[in-house]
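Accompanying notes for the structure given below.
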Amino acid sequence: MSLYFHNYLEWGRRGGSESLEQIHVGQEKIPLLWVVPITLYEADLILNQGIEDFDALVESSHFSIIDPCRS
């Protein structure tokens, strides 16, 4: 799993459905890259405490990870 930080988390294969990794257009398979915006606090948490602590934060939050209004 790779993580790139510019205030985004590249979700990759973090427990998501494989059916969401590509779409089919005619005979073509188009790969999808799921990118989730994260706050500076969340990026710092991942870098300094690990992805497991970030996951715990997400699970305990009343906001959805994909909610653009979360802070």
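Keep in mind the model is a prediction, meaning the values are calculated, not measured.
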Original post:
Hey, is the main chain of A56 close enough, under 3.5 Å, to the side chain of S60 for a donor-acceptor pair?
Top reply: yes
Original post:
Between the side chain of N48 and the main-chain N/O of D44, is any donor-acceptor distance below 3.5 Å?
Top reply: yes
Subject >> Straight-line distance of D67 CG to H62 NE2, nearest 0.5 Å >> reply: 9.0 Å
**OP:** Check the pair V58 / F63 against side-chain contact (heavy atoms from CB on, under 4.5 Å), numbers first and verdict last.
**Re:** CA-CA 8 Å; V58 169; F63 287 105; over 6 Å; no
Subject >> Interatomic distance, I65 atom CD1 to L57 atom CG [nearest 0.5 angstrom] >> reply: 8.0 Å
Original post:
To the nearest 0.5 Å, how far apart are CD in Q49 and CD in E52?
Top reply: 11.0 Å
Original post:
Would you say the side chain of F54 lies within less than 4.5 Å of the side chain of L47, judging by non-hydrogen atoms?
Top reply: no
Subject >> Any side-chain heavy-atom pair of I30 and Q22 under 4.5 Å >> reply: no
**OP:** Test side-chain contact (heavy atoms from CB on, under 4.5 Å) on I46 and I38 and set out the steps.
**Re:** CA-CA 10 Å; I46 293 168; I38 59 174; 4.2 Å; yes
Subject >> Short side-chain to backbone donor-acceptor contact, E28 and V25, under 3.5 Å >> reply: no
